[in-house]
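Below, all heavy atoms of this structure are taken into account, side chains as well, without hydrogens, waters or symmetry copies.
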Amino acid sequence: MQVALIVCDPLIQQVSPRLWASISRRIPLAELQNPNQQSGRQNVHTLLALSLVCFLALFGVQAFQQKKPVEPKSKPSSTVIPAAPNTLVAAVQANQESMKASSESEIIVENKFYRIRFSNRGGQVLSWILKQYTDDSGQPLDLVNQRAASLHGYPLSLYIQKAGLTRQLAEALYEPSATGRLAAPGKLTFTYSEGGVSVIKTFTFDQSYIVGADVLVTDRGMPVAASLCWPSGLGDQETLQNYNVDGRFDASLNGKFDSQTVKSIATGVVQTGSYDYAGVSDLYFAAIFLPEHSTETTVLNLSNEISIPRTNGRTHSTLSDVVSVPGVAVGNGEGHIRLRLFAGPKAIELLSSVHALAPDGSPTGPDLEPLVRFGFLRIVAKPLFLALNWIYVHLVHSWGWAILILTLFINLVLMPTRIKTMRSQLKMQRIQPQINAIRARFKDCKMGDPHLLEMNKEIFDLQKKEGINVFGGMLPLLLQMPLLYGFYRMLQNVIELRHAEWLWLHDLSSLDPLHVLPVFFVVTMFLVQLLTPSSGTDPVQRKMMALVLPVLGFFMTWKVGAGLALYWSFGNVISIVQQVVVSRMRPVG
């Protein structure tokens, strides 16, 4: 007995102190101290019995410890975004067992600006409705391009370079933290784990167009470099022009903004740098990612092709066009993605309020205003829009009338220079017979003849005597060109004119459906040409110009938005009135 206990003692105490205490209590202390007081036969039986007990106890305790079930860990909270990568790693490692939903479900997240429909399949967005905007058919506008997304991926899906993993995570059934409807402000978390791959995607919502995202992907506990995607263009892209002209990749790198078409940029190449933001846009809407750690951001521009029906007026046409759809994936090399997503209209005041993070982490970096494509004359176009918006808000509450009032104001500002030019033209017309006489005396001179210099000097002296400054007539034109181009860029790009009605026009950003403005422009342009003095111009050339310019203007106004055609047409009316008034004035000698 003593031998058995001596052998088992250290093993039992090491493996299970409780078992040793139990044996000690059941065996009398005297027996342990004096094993010789029992008979030999009984001692042998006792020794064998205790040896067997020790063996079984040791084997059982070891088996018990190996098979002891691990206490289940609670799921990551759906209301708290992890503050550091280590926290997310710990959460993922605690869920290395399979974690996925048993069936597909949808979650609707809503605030006053949007209604987002999530699916737990892929933890991605199926539709992104902007409540304050409609499509061309009058239905609520969906920012998700359904035709392209069904082929090439939905917003907020994941892109991973590892073969097959992108598709796996897009088709996986995530466990959502909520079901049904979720009102902003709030948070939504999708959790998935299978075959060593684990994903936690947490999205935060407030009362703006901004959605926060915090994503971590691991493979057997190690972070995987992943990117969050907006892969398939935007939902208001419907025509060939929308795709080929309006679709853009927009990015700000080290504070420098850049916008490029799908055809002008290399796609499928990962670029790394200090990106303030990056995304895709069309003429009026945008989806832009703003990373929290700009020094290590990776940007992948995507381009996929789809077929769209050709808009040729046929109701059952089988013709289609193949177009490129811009997409973008934004992440970093660390695998832990923390960023914000702006998905909404390209309204100047709104974009000016959305800032990227500065290097110190404060929201004072570059704003999104450059997304509105005013061009190199932004310094002119933006003040013109601010003036147009002021007129709309404070005076007329109609974008059509606001355009007419602003056009009148601009022409009144330029009127002194225009009147000076017109009076100079009238003076030139009066002295034209004298100029013709001078040229007649030198008509036999050929090119390069020194006498031609004498002719030009006589004409210049005559103009100077009459107080005519030929170069002074160019000054008003130089002043007008920036305003004309700035007004053109402004009216072509501001979302405020989209679906804005005026009289018979239902959309000032689209073509005039009745073509009234192009016809009116031709008539007024013809009158402008007839009333404008053309001193020194051959009569035949003058008639040709009177026909050619209106025809060119007709095709221009036929192809541009009604708001811009309205501006050009009314500008012609003002020019006609000015020309008539100046023509009745006696030129100052």
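Considering only heavy atoms from C-beta on, Leu158 comes within 4.5 Å of Val217 through its side chain. By the 4.5 Å heavy-atom criterion applied to side chains, Glu305 and His152 are not counted as neighbours. Two residues are said to be in side-chain contact when any heavy atoms from C-beta on lie closer than 4.5 Å; Arg248 and Asp282 fail this criterion. The shortest distance between side-chain heavy atoms of Tyr114 and Leu143 does not fall below 4.5 Å. Contact check for Ile410 versus Leu483: side-chain heavy atoms found under the 4.5 Å cut-off. Between Lys112 and Lys131, every side-chain heavy-atom pair lies at or beyond the 4.5 Å cut-off. Side-chain contact between Val211 and Ile116 is present, with at least one heavy-atom pair separated by less than 4.5 Å. With a 4.5 Å cut-off on side-chain heavy atoms, Tyr192 and Glu194 count as touching.
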- Query: Run the side-chain contact (heavy atoms from CB on, under 4.5 Å) check on Ile200 and Thr191 step by step: do they pass?
  - Reply: CA-CA 5 Å; Ile200 296 179; Thr191 308; 4.3 Å; yes

- Query: Between Trp558 and Leu517, does a side-chain contact (heavy atoms from CB on, under 4.5 Å) hold up when you go through it step by step?
  - Reply: CA-CA 8 Å; Trp558 189 280; Leu517 291 176; over 6 Å; no

- Message: Applying ring-ring contact (aromatic ring centres under 6.0 Å, His included) to Phe374 and Phe385, what does each step give before you reach the verdict?
- Response: CA-CA 10 Å; Phe374 283 154; Phe385 170 75; 7.1 Å; no

- Task: Go through the steps to decide whether Thr297 and Val299 satisfy the test side-chain contact (heavy atoms from CB on, under 4.5 Å), and finish with yes or no.
- Result: CA-CA 7 Å; Thr297 300; Val299 175; 4.1 Å; yes

- Item | Trace of the side-chain hydrogen bond (donor to acceptor under 3.5 Å, both in side chains) decision for Gln271 with Thr298 | CA-CA 6 Å; Gln271 301 182 32; Thr298 59; over 6 Å; no

- side-chain contact (heavy atoms from CB on, under 4.5 Å) between Val270 and Gln161: does it pass, once the steps are laid out? CA-CA 10 Å; Val270 177; Gln161 291 186 333; 3.5 Å; yes

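Under the 3.5 Å distance criterion, with hydrogens and angles disregarded, a donor-acceptor pair is assigned to the side chains of Thr189 and Thr202. In summary, the side chains of Ser281 and Asp250 do present a donor paired with an acceptor at a separation below 3.5 Å, with no hydrogens or angles considered. No donor-acceptor contact under 3.5 angstrom links the side chains of Asp276 and His355, judged on distance only. Of the N and O atoms on the side chains of Asp512 and Trp504, at least one donor lies less than 3.5 Å from an acceptor on the other residue. Between the side chains of Arg498 and Ser510, no donor-acceptor pair of N or O atoms lies under 3.5 Å.
When ring centroids are compared, Tyr485 and Phe376 come within the 6.0 Å threshold.
Cation-pi geometry between Lys201 and Tyr174 is met: the NZ or CZ atom falls under 6.0 Å from the ring centre, inside 45° of the normal.
Rounded to the nearest 0.5 Å, atoms CH2 (Trp230) and CG (Leu302) are 13.5 Å apart. Taken from CD in Gln124 to CZ in Phe190, the straight-line distance is 9.5 Å, to the nearest 0.5 Å. Note that CG of Leu386 is 11.5 Å distant from CD1 of Ile391, once rounded to the nearest 0.5 Å. For the atom pair CD (Glu501) and NE2 (His499), the distance works out to 10.0 Å, reported to the nearest 0.5 Å. Interatomic distance, Ile405 CD1 to Trp390 CH2, rounded to the nearest 0.5 Å: 9.5 Å. Here the CH2-CG distance, from Trp401 to Leu406, works out to 15.0 Å after rounding to the nearest 0.5 Å.
Remark: of the listed residues Arg121, Arg115, Arg117, Arg117 is the sole one forming a salt bridge (charged side-chain N to carboxylate O under 4.0 Å, His left out) with Glu106.
Under the 4.0 Å criterion applied to side-chain N and carboxylate O atoms, Lys100 and Glu175 are not assigned as salt-bridge partners. Remark: Arg340 does not engage Glu292 in a salt bridge, criterion side-chain N to carboxylate O under 4.0 Å.
Relative ring orientation between Phe487 and Tyr567 is described as parallel, the plane-to-plane angle staying below 30° on a 0-90° scale split at 30° and 60°. Ring orientation note: the planes of Trp399 and Tyr392 are close to parallel, at an angle under 30° on the 30°/60° scale.
Surrounding CD of Glu349 are at most 12 heavy atoms belonging to other residues, nucleotides or ligands under 6.0 Å away.
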